[in-house]
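Throughout, a chain's letter reflects where its sequence line sits, starting with A, and its residues are numbered from 1.
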Amino acid sequence: MNGHALELGGIEKRFGKQTILKGIDIEARPGEFIALVGPSGCGKSTLLRIVAGLESPDAGRIRSGDRELGELPAAKRDVAMVFQSYALYPHLTAAQNIAVPLVMRRLSGWQRLPLIGRWLTPRATRDEIHARVRQVAEQLEIAHLLDRKPAKMSGGQRQRVALARAMVRDPRVFLMDEPLSNLDANLRVHTRSEIVALQRRTGVTTLYVTHDQAEALSMADRVAVMIQGCLLQLDTPQRIYQDPRHLEVARFIGTPRINQLDARVDDEGVAWVDGTALARCAEPPRDRKVVLAIRPPALHLVAEHHPRGLTAWVKRCEYLGTECLLHLELESDATPLIASLTPELGTAYRPDQRVWVAAEPSQTLIFARSGERLTAAEPRLERSANQPEKLDV
Amino acid sequence: MSPIRLDPWRALRLALLLLGAAVCLAPYLWMLSAAMKPSSEIFSAGLTLWPERWAAAENFSRAFERVPLARMLLNGAIVCALILVIQVVIALPCAYAMAKLRFGAAGPLMAVVILGLLVPIHATALPIYIALDALGLLDGYTALVAPFALSVFAIFMFRQFFRGLPDDLLAAARLDGMSELGVLLRVVVPNAWPAITAFSIFSVVAHWNDLFWPLIVVTSPEMATPPLGLLFFRAAEAGDDYGALMAATTVVTLPLVVAFLLAQKRFIEGITMTGLKG
């Protein structure tokens with residue numbers, strides 16, 4: 001289709017003394033949908049505004065296909081953006097709002113003048129714009145709203161008009177800044193799939209900013225996780241979830257939050273928690289301290305003498321219909337844990353019950369204290385008698 | 001119709017308002033009444049509002065005969081219109097730049113604007129007069145319009161209003177392909193009509209009624225604005241033809257009164273808004 005590759009190289013941005021973006025590199029293939037996700041204040045919106053040309057970066061370059069965008073003003077970049085606040089022109093009807101990008105690009109300055117402009121514009125051009133607006137409005141099912149002004153529309157309707165305004169021309173890049181965050185939950189899930197379908201059909205390379213990790217995972221071809229101005233990982237949703245390269249990524253992606261256990265590593269690389277060997281890393285870090293991370297669905301309840309079993313107390317059982325979240329507290333140091341169980345299994349447990357939990361070593365992710373992921377080694381885990389009873393971690 | 005309850009407090013409030021209205025309206029009523037009376041009645045000892053003999057036709061025709069009243073009204077309209085148009089055309093881009101664009105001089109410029117608000121015309125009147133005299137521009141439209149063409153009040157007021165416009169809206173306009181001038185004309189101005197209307201009312205009222213500046217720079221009756229025309233009238237008539245003077249005054253105040261009655265709602269909105277912002 002008509003997608004262009006988008007390439008961001010070493011983008012840096014400082015506001016005063018504060019560094020907002022610390023060298024961001026992203027390469028999007030033509031037509032790719034990339035979601036930028038991260039907690040608020042991580043710089044994802046700033047990055048989007050830099051691509052749009054609304055902010056200028058302190059360093060770095062932006063290319064779209066064979067064109068350098070970095071030096072061009074926003075009006076010349078040929079990118080379309082959907083704003084969180086929709087940013088519709090309050091004094092124009094929906095049809096006029098949608099037509100603005102076409103009017104600005106297809107008509108000359110004289111033809112855009114009020115009143116006399118009409119006489120200077122060939123009828124064919126006007127009809128063309130009119131037809132294109134109508135076509136886009138029909139695609140988005142807002143044809144009946146075309147004569148209305150934004151003040152007389154609901155949030156969802158305004159959102160569609162904003163989408164239509166972005167789609168009405170074929171831009172090089174779509175930029176979307178949390179376009180769904182002002183919609184109610186039902187509409188949001190519905191609109192998600194619509195946006196993905198529209199993006200597939202138009203084939204325009206898209207950067208989509210969101211703070212909602214579920215939105216990012218469900219919509220994007222690839223997800224870029226940004227934390228505090230750094231791009232920590234850019235990968236497919238599956239790999240972001242299953243194979244996070246950084247502890248912050250593991251923590252940010254997935255609800256409920258991933259379980260974290262502080263562990264000590266011996267010379268063999270075996271990670272111990274409370275006298276139990278849980279995993280083994282290929283190269284033990286120098287400080288011998290690691291963080292083990294286990295997704296709640298990977299944490300299983302086991303029998304008392306399981307070799308990797310940890311003793312915990314049930315604090316609370318959260319019934320959610322499709323699953324049951326068991327909130328636990330480790331007996332040794334009160335580390336909070338969450339296990340996601342089937343509803344039948346989960347509801348059998350009562351608060352203050354003593355249980356044993358364990359995870360497969362393959363499901364246990366090992367991170368250095370600094371956050372980097374460590375390679376796991378083939379497990380050789382037996383309970384050995386010469387290990388100290390208690391490890392202070 | 002639901003009956004209006006008249007409790008004592010409401011009655012008191014209404015009485016006070018009526019009293020205030022009467023005090024404010026009395027001079028106007030007296031003006032109207034005098035414009036209708038022959039001069040013998042104006043100087044009679046009794047205090048009657050209703051004329052015994054109607055002399056309106058004589059008074060008004062004398063008013064138009066003795067001074068070029070029509071010309072003065074036209075002068076007033078031209079001067080007010082020129083001042084307003086130039087003020088708005090200059091202040092809109094200034095205010096937009098100061099409110100929404102980032103540049104180094106924005107801070108100092110704002111200080112200059114505030115400073116400008118603090119200096120009254122009376123302080124600068126003499127230097128401006130000398131300058132206009134040196135340029136040979138006294139006693140003409142330029143002298144009447146030029147000192148007011150740049151209104152710091154307009155810049156300040158529009159700037160405060162523009163700051164309330166969402167940044168995303170302007171960003172969207174830029175991404176849609178508009179230049180900064182395009183953003184101003186196509187997005188900012190259409191959404192700034194309340195501010196522009198308010199300022200227009202303020203400006204027109206101030207300059208239609210201004211006596212101070214025309215008195216300084218205008219000497220010939222052909223260049224006089226309406227308030228100055230009244231002054232010429234008095235001087236010319238040695239102060240005894242009050243009937244014609246009041247008729248002329250009525251004619252001069254009429255445009256604003258009619259405008260007020262036609263656009264009462266806008267007028268009050270405008271005044272309250274300038275009250276808040278200024």
K.L.:
Counting only N and O atoms by type, is there a donor-acceptor contact under 3.5 Å from the side chain of A:His91 to the main-chain atoms of B:Arg186?
P.N.:
yes

K.L.:
Side chain from CB out, backbone as N, CA, C, O: work out which of these in A:Arg112 comes under 4.5 Å of a heavy atom of chain B, or both, or neither.
P.N.:
both

K.L.:
Go through A:Arg165, A:Arg49, A:Arg77 and name the one with the most non-hydrogen pairs under 4.5 angstrom from chain B.
P.N.:
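The answer is A:Arg165.
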
K.L.:
Between A:Leu88 and chain B, with a heavy-atom cut-off of 4.5 Å, which part of the residue counts as in contact: side chain, backbone, both or neither?
P.N.:
backbone

K.L.:
What residue, out of A:Ala74, A:Pro73, A:Ala80, A:Pro90, has the most heavy-atom pairs lying under 4.5 Å from chain B?
P.N.:
A:Pro90

K.L.:
Return yes when atom OH of B:Tyr28 has more than 12 non-hydrogen atoms of other residues, nucleotides or ligands closer than 6.0 Å, and no otherwise.
P.N.:
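Not more than 12 within 6.0 Å, no.
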
K.L.:
Locate the shortest heavy-atom distance separating B:Gly177 from A:Met104; write the atom from each residue and the value.
P.N.:
O-CE, 3.8 Å

K.L.:
Kindly check if the number of other-residue, nucleotide or ligand heavy atoms within 6.0 Å of CG (A:Asp147) is above 12?
P.N.:
no

K.L.:
Looking only at non-hydrogen atoms, find the nearest pair between B:Ala173 and A:Tyr89 and report the distance.
P.N.:
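Taking B:Ala173 first and A:Tyr89 second, the nearest heavy atoms are CA-OH, 3.0 Å.
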
K.L.:
If you count the non-hydrogen atoms of other residues, nucleotides and ligands that lie under 6.0 Å from CD in A:Glu138, is the total more than 12?
P.N.:
yes

K.L.:
If I compare all heavy atoms of B:Leu175 with all of A:Ala52, which pair ends up nearest, and what's the gap?
P.N.:
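It is CD2-O, 3.4 Å.
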
K.L.:
Looking at B:Asp176, is its backbone amide N or carbonyl O close enough to the side chain of A:Arg105 to form a donor-acceptor pair, meaning the two atoms are under 3.5 Å apart?
P.N.:
yes

